[in-house]
K.L.:
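First the structure, then my questions, so here it is.
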Protein chains: 2
Amino acid sequence: MARKTSYHHGNLRAALLKAALEILEREGLAGLTLRKVAARARVSHAAPAHHFPTLKALETALATIAFERFRDAMATARAAAANDAAAQISAAGEGYLTFARENPALFRLMFVESQLDWSDAALKEAATASFQQLVEITAPFADQLGLASEADRAELQRLVWANAHGFAHLYIDGKMPADAKAPDLARFLMPAKSPPRS
Amino acid sequence: MARKTSYHHGNLRAALLKAALEILEREGLAGLTLRKVAARARVSHAAPAHHFPTLKALETALATIAFERFRDAMATARAAAANDAAAQISAAGEGYLTFARENPALFRLMFVESQLDWSDAALKEAATASFQQLVEITAPFADQLGLASEADRAELQRLVWANAHGFAHLYIDGKMPADAKAPDLARFLMPAKSPPRS
DNA sequence: GCGATATCTAGTCACTGTCAAGATACCGTT
DNA sequence: AACGGTATCTTGACAGTGACTAGATATCGC
């Protein structure tokens, strides 16, 4: 129950996270400060300390939420796509990019290692669950390409991830035209199905 | 002439850049502050202002230097490789990754758009020269793959870049095992020459 | 109902980037 | 050769930051 009476907020932790997400969206990663978060939650500058002892702790909690949304974005895109290896690869890539495009500040926060506390169990779990999406779609893709050895399958795994991750980064850094689409790996790797010969 | 006499430094601008690069290497991007740079150059905290009116200006100058080294890293790797499309693609990717691995803080600085002044001509030129390396190697690669349309060639271009960029980012963020190698695009896209069938 | 504890406020500290004012050395003109 | 203008550097200040301490207030267990 959010109480207006005073002093005790009711659910300050949630309110701080909400305020932080709003600031992140409006001002970007550089604009995120503990004091602004506190002010936006109508609370003194030292109030967050009890819920998030340090800025890094707040950012870690934010990243955990972000990884959950990130996973959902990929899962939603996959669910809307056909259930074959190529379509799933493309869909997951789309989900990856969509999340980055709609939440550039969050995306950056998630992937600047030194800024987060990776000893936090919740963060590790959320991140692992996200990346698991990529593992799931790569296996049938590798089968279809006839990759047998673990080394080859691992390399394909890295390729799938690097492609999605790299394009997302380049896109939010303004290095790609606004209407550029993510490279479709399936299209290049499975020429038998849809050869890029235009 | 670096003069020790006092007051006038001699070549403070260069000394500041040198100090900044050292701090970047030792303490990472978050540890880079104007005051630390000034202190390391044995100069008062406001001395940098005349050479770099703002922190962003210093970072822009650093990024310009970084892009030049970045281009050199790729050029060196390419020069040491065979002169065929596949080898050049792999070599450029190696150079890309090597630079990121050896200069993670610089690499991050180069690719956080909001932190740099992209209206700066020198920065834009250095960055363009770097990316030109990728354009050069992609053309013969596209020829060899039989890609004719501009759309297909552009998509291959994005794929080459995204793969290198994404792997580099994931690597310096600790998302890849220390001994992981960058995915070899040529190996996957030209199965006739070296099929990944292990 | 009452005390222990969780939660929040107020004040402070060192550090940051930036600005203003003044001191010092250099450089071109005469 | 001297002198004035200018570029360079120092000192001092200000607001904003994360983090810490001490104290005020509300909630919860008993």
Side-chain angles (χ1 to χ4, degrees), chain A residues 1-20 22-24 26-63 105 108-109 112 114-117 120, chain B residues 1-20 22-24 26-63 105 108-109 112 114-117 120:
Chain A
M1 316 295 157
R3 189 60 40 71
K4 292 224 161 191
T5 58
S6 66
Y7 232 93
H8 280 53
H9 181 282
N11 195 354
L12 183 54
R13 191 189 146 92
L16 290 172
L17 289 172
K18 180 167 176 289
E22 290 166 358
I23 291 175
L24 225 39
R26 286 163 210 238
E27 308 183 32
L29 189 48
L32 182 72
T33 73
L34 271 177
R35 291 171 108 103
K36 275 196 230 166
V37 171
R40 180 166 257 271
R42 312 305 221 109
V43 120
S44 87
H45 68 266
H50 200 271
H51 301 275
F52 305 103
T54 180
L55 176 60
K56 192 182 223 176
L58 172 62
E59 291 173 331
T60 297
L62 287 171
R108 256 190 251 279
L109 176 66
V112 179
S114 59
Q115 209 150 7
L116 303 179
D117 175 15
D120 184 275
Chain B
M1 324 287 160
R3 188 60 39 72
K4 292 223 161 191
T5 58
S6 65
Y7 231 93
H8 281 52
H9 181 282
N11 195 354
L12 183 55
R13 192 191 144 92
L16 290 172
L17 289 172
K18 180 167 175 289
E22 289 167 359
I23 290 175
L24 224 38
R26 285 162 210 239
E27 309 183 33
L29 188 49
L32 181 72
T33 73
L34 271 177
R35 290 173 109 103
K36 275 197 229 167
V37 170
R40 178 165 258 270
R42 312 304 221 111
V43 120
S44 85
H45 68 266
H50 202 271
H51 301 276
F52 305 103
T54 181
L55 176 60
K56 191 183 222 175
L58 172 62
E59 291 172 331
T60 296
L62 287 172
R108 256 190 252 279
L109 175 67
V112 177
S114 60
Q115 210 150 5
L116 303 179
D117 176 15
D120 183 275

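Proteins get letters first, then strands, A, B, ... in listed order; numbering begins at 1 in each. Quick caveat: nothing in here was measured; it's all calculated off a predicted structure. Both backbone and side-chain heavy atoms feed into the values below; hydrogens, waters and symmetry mates do not.
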K.L.:
Under 4.5 Å between any side-chain heavy atoms of R13(A) and F52(A), yes or no?
P.N.:
yes
K.L.:
Can you see which heavy atom on L62(B) is nearest to which on L24(B), and at what distance?
P.N.:
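Shortest heavy-atom separation between L62(B) and L24(B) comes out as CD1-CD2, 4.2 Å.
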K.L.:
Carefully, step by step, assess V43(B) and V37(B) under the rule side chain to side chain contact (heavy atoms under 4.5 Å, CB included).
P.N.:
CA-CA 9 Å; V43(B) 120; V37(B) 170; over 6 Å; no
K.L.:
Tell me which nucleotide among dT11(D), dG11(C), dC8(C) gets nearest to the side chain of S44(B).
P.N.:
dT11(D)
K.L.:
Is there a side-chain contact between L116(B) and K56(B) in this structure, where contact means two heavy atoms from C-beta onward sitting under 4.5 Å apart?
P.N.:
no
K.L.:
On a heavy-atom basis, which atom in L29(A) and which in A105(A) lie closest, and how many Å separate them?
P.N.:
N-CB, 3.9 Å
K.L.:
Which heavy atom in P48(B) sits nearest to a heavy atom in L34(B), and how many Å separate them?
P.N.:
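It is CB-CD2, 4.2 Å.
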K.L.:
Send over the distance from N11(A) CG to dT7(C) C1', rounded to a whole Å.
P.N.:
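Rounded to whole Å, this separation is 13 Å.
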K.L.:
Using the side-chain heavy atoms of H45(A), tell me which of these nucleotides is nearest: dT18(C), dC9(D), dG11(C).
P.N.:
dG11(C)
K.L.:
Hey, does the side chain of T54(A) reach the backbone of A57(A) with a donor-acceptor pair shorter than 3.5 angstrom?
P.N.:
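Not a single qualifying donor-acceptor pair exists.
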K.L.:
Expected output is a numbered-order residue list: members of residues 49-59 of chain B with a heavy atom under 4.0 Å from any atom of DNA chain C. What is it?
P.N.:
T54(B), L55(B)
K.L.:
Which residues, if any, of residues 31-41 of chain A bring a heavy atom under 4.0 Å of DNA chain D?
P.N.:
T33(A), L34(A), R35(A), K36(A)
K.L.:
Could you tell me how far apart Q115(A) (CD) and dG18(D) (C1') are, to the nearest whole angstrom?
P.N.:
13 Å
K.L.:
Can you name the closest pair of heavy atoms from A38(A) and H45(A) and give their distance?
P.N.:
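That closest heavy-atom pairing would be CB-CA, 4.0 Å.
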